[in-house]
Amino acid sequence: MDKRTCTALAATLAAALILGTAGCSGGQKSGGARGKNLATANNGKVIGGTPQKGGTLTVLSNTDFTHLDPARNWVMSDMNFGTRLLYRTLVSYKAAPGTAGGELVPDLATDLGTSSNGAKTWTFHLKAGVKYEDGTPVTAQDVKYNVERSFSPDLPGGADYAARYLKGAKGYQGPAKGKHLDSIRTPDDRTIVFELRRPFAEFPNVTVMPTFAPVPKAKDKGPRYDNRPFSSGPYKIETYQRNKKIVLVRNPHWDPKTDSVRKAYPDKLVMVMGLRPNQIDDRMIASQGADASTVPWYALRPESGVKVLPKADVRKRLLAESTNCTDMVQMHTGRAPFSDVKVRQAVQYALDKEVVTTSSGGPAFNDASTAYMPASLFDGKQPDTLKIPVTGNVDKAKQLLKQAGKPGGFSTKMTVSNGDKGRAEAIQQSLAKAGIKVTIETVDPSAFYATIGDTKNRTDLVYTGWCPDYPSGSTFLPFVFDGRFIKEKGNSGNHSLFRDKATMQRMDEIAAMTDAGKAGAAWRKLDGEILAKAPAVPVLVRRWPLVVGTNIAGAYGQTSFGGQLDYASVGLKNPAKSKG
């Protein structure tokens, strides 16, 4: 049945309800249909007013964290949880809805840093009075130590900005054997100086990463630190049972006078893990009893949209900010048959993005993607350089496969997170029409990045995405397509294992530009050039739909954390009604 015509399919009905219209899509792109988007009515707003101090905020989750160790924490939701609740970074994002949530503000530091030596040297001074959960002071040496430990081979997965920019970082393996980076100096307990290998005007943006949170050497337990990070934030871990529950209570030594970001309204935060996604959705929609004081950790399932959007009272509790992240099918370019650009281009043409978008909840919760970088890095609208129909072009895909010596197609495997199984099946369905037979392998979200980051043992295809850490192409394209930072274990971003010399040379040239406007234009042009070489297929940019409980206040999607709730500000209308 042609999905571009009126049908009785539930997915099409859901899309019509989402858009506030019963009209046909008429073959338009998924992001371009008519009508008001009911899902986004609360975006940029605060739901529930200002919270009252106290009570227990409960979070329902289907999964555990990937990592909480700040040296390893580089997943949007996990970074939000860690840096808003458990530890502070040199610089942070303002706690505010909408575009204001992208504003940089000092956190541990007194300001946004001072540059010298042509932006190759950056100096930060720490605030006085910032303490850990045991009352000891946070020092500059603790920040230096965590940056250094992020280089340790036994602590994979974290942001690698330090490895990319710090002078003398090549080959460094962390502080375990008493070796330290000379490019990080701490003249005193409240001053830290970073020496970069080249000018980098965007360095303050980098220091929002958990890598730039403090870890006292005496508390470091290597990989086990993941289970119990030592708090410099408003909460500390009371108990943490992996895949079951984490309980946070107040850090009595956190001083709000030193912290303009975190409001810390609840007395306690409890995350219950291992629940079924449909169970979470239904509980949040019903908002009965203790669930009124509850928020979901993961986004609303696409199939639950039809339970939310027709109901005005539930829609009032719905947020659906853009994740600002591009979902992609990344192909192993170092392995046949995907070492052949014709095969990769065949996948580009075979993929029906409209089917995938529909499987993800329709056009209110997703936009089909025509570029790698999200629209925010293209002044609000992605270009369409390849002009491939949103429904794909199977005939062109078959022609490319024939040119590649694969006239009958081939078989391959794709790894996806459990939550992306529906999207994967839509991809499987569309590629099969061109003769590309895909076997899907699902992995629990908490183990997903470790699985696809094992470059020797992973499948040829992976379905994943990338989010810019701040509004610059320098935090997107180099991380997804620079082959010089591929790791055998704990590999991040470049899951196509793309090693293209011309691309890497151009990245270096753009990174050396001192004019931000010219650099931005160059990144946008490079996006199209890489797209033509087809290491990955951009699929869609999702929204992050969340339905919160009726007793929740201060709720908004934080755009800098992929649309997830801002845990710096969320709390309860009436703390006495909460339980736990």
Side-chain angles (χ1 to χ4, degrees), residues 65 67-74 78-79 82-83 85-92 107-110 113 122-163 165-195 206-237 240 251-255 258-259 490:
F65 307 102
H67 293 294
L68 278 183
D69 183 336
R72 309 179 71 181
N73 186 348
W74 203 14
D78 296 1
M79 287 197 294
T83 63
L85 299 171
L86 292 173
Y87 35 78
R88 299 173 64 176
T89 49
L90 288 176
V91 170
S92 190
D107 190 1
L108 286 177
T110 58
W122 285 88
T123 302
F124 296 84
H125 299 285
L126 272 60
K127 295 172 182 174
V130 182
K131 297 178 181 180
Y132 290 109
E133 61 183 79
D134 65 351
T136 57
V138 171
T139 68
Q141 290 85 356
D142 299 337
V143 177
K144 171 182 168 73
Y145 182 71
N146 188 45
V147 175
E148 290 180 334
R149 63 193 290 275
S150 72
F151 286 81
S152 302
D154 60 344
L155 301 177
D160 61 359
Y161 285 97
Y165 293 113
L166 286 179
K167 186 178 179 180
K170 188 175 181 179
Y172 182 62
Q173 297 286 295
K177 297 181 180 179
K179 295 183 179 180
H180 299 282
L181 282 171
D182 294 335
S183 52
I184 309 177
R185 294 184 285 110
T186 52
D188 56 59
D189 286 352
R190 288 172 50 199
T191 304
I192 186 165
V193 183
F194 299 93
E195 298 288 349
V206 168
T207 64
V208 304
M209 294 289 103
T211 313
F212 294 86
V215 171
K217 183 179 179 181
K219 299 295 182 179
D220 186 14
K221 296 182 180 179
R224 289 185 296 143
Y225 193 77
D226 223 5
N227 298 323
R228 185 60 174 81
F230 199 58
S231 175
S232 56
Y235 298 93
K236 63 180 181 179
I237 296 175
Y240 184 11
N251 169 8
H253 298 284
W254 173 73
D255 184 353
T258 70
D259 194 337

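A quick note: this is a predicted structure, and the numbers were derived from the prediction, not measured. Below, all heavy atoms of this structure are taken into account, side chains as well, without hydrogens, waters or symmetry copies. Quick note: residue numbers are just sequence positions, from 1.
Closest approach of Q173 and P153 over heavy atoms only: OE1-CG, 2.9 Å. P210 approaches Y87 most closely through the heavy-atom pair CB-CE1, 4.1 Å. Of all heavy-atom pairs between G157 and W74, the closest is O-CB, 3.5 Å. Closest heavy-atom contact between S152 and G174: OG-CA, 3.8 Å. Taking every heavy atom of both residues into account, Y145 and P175 meet most closely at CE1-CG, 3.6 Å. Here the closest non-hydrogen pair linking K144 and I184 is NZ-O, 2.7 Å.
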- Task: Take V138 and R88, measure what side chain to side chain contact (heavy atoms under 4.5 Å, CB included) needs, and give me the verdict at the end.
- Result: CA-CA 10 Å; V138 171; R88 299 173 64 176; over 6 Å; no
- Give the intermediate values and the outcome of side chain to side chain contact (heavy atoms under 4.5 Å, CB included) for residues F124 and L108. CA-CA 9 Å; F124 296 84; L108 286 177; over 6 Å; no
- Can you check side chain to side chain contact (heavy atoms under 4.5 Å, CB included) on K219 and R228, steps first, answer last? CA-CA 10 Å; K219 299 295 182 179; R228 185 60 174 81; over 6 Å; no
- Task: Take Y225 and F230, measure what side chain to side chain contact (heavy atoms under 4.5 Å, CB included) needs, and give me the verdict at the end.
- Result: CA-CA 8 Å; Y225 193 77; F230 199 58; 3.4 Å; yes
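Distance check, rounded to the nearest 0.5 Å: CD of Q141 to NE2 of H180 gives 11.0 Å. Between Y161 atom OH and F194 atom CZ the span is 15.0 Å, to the nearest 0.5 Å. Taken to the nearest 0.5 Å, the CZ atom of R185 stands 7.0 Å off from the OG1 atom of T123. Here the CG-CG distance, from L155 to D220, works out to 7.0 Å after rounding to the nearest 0.5 Å. Atom CG in L181 sits 12.0 Å away from atom CD in E195 (nearest 0.5 Å). Considering OG1 of T110 and NZ of K127, their distance stands at 8.0 Å, rounded to 0.5 Å.
Counting heavy atoms from C-beta on, the side chains of Y165 and W122 never come closer than 4.5 Å. No side-chain heavy atom of N227 sits less than 4.5 Å from a side-chain heavy atom of L68. Under the 4.5 Å side-chain criterion, counting only non-hydrogen atoms from C-beta, S231 is not in contact with H253.
For the pair D226 (side chain) and D69 (backbone), a donor-acceptor distance under 3.5 Å is present. Side-chain N or O atoms of D189 include none that pairs as donor or acceptor with a backbone N or O of T139 at under 3.5 Å. T186 places no side-chain N or O within 3.5 Å of a backbone atom of D188 that could act as its donor or acceptor partner. R72 contributes a side-chain N or O that, together with a main-chain N or O of P156, makes up a donor-acceptor pair within less than 3.5 Å. Remark: the backbone N or O of M79 is paired with a side-chain donor or acceptor of T83 at under 3.5 angstrom.
With sequence neighbours excluded, no residue satisfies salt bridge (charged side-chain N to carboxylate O under 4.0 Å, His left out) with D78. Under the ring pair (Phe, Tyr, Trp, His ring centres under 6.0 Å) criterion, F151 pairs with Y172, not counting sequence neighbours.
Test V147, V143, N146 against V215 for side-chain contact (heavy atoms from CB on, under 4.5 Å) and you get one pass: N146.
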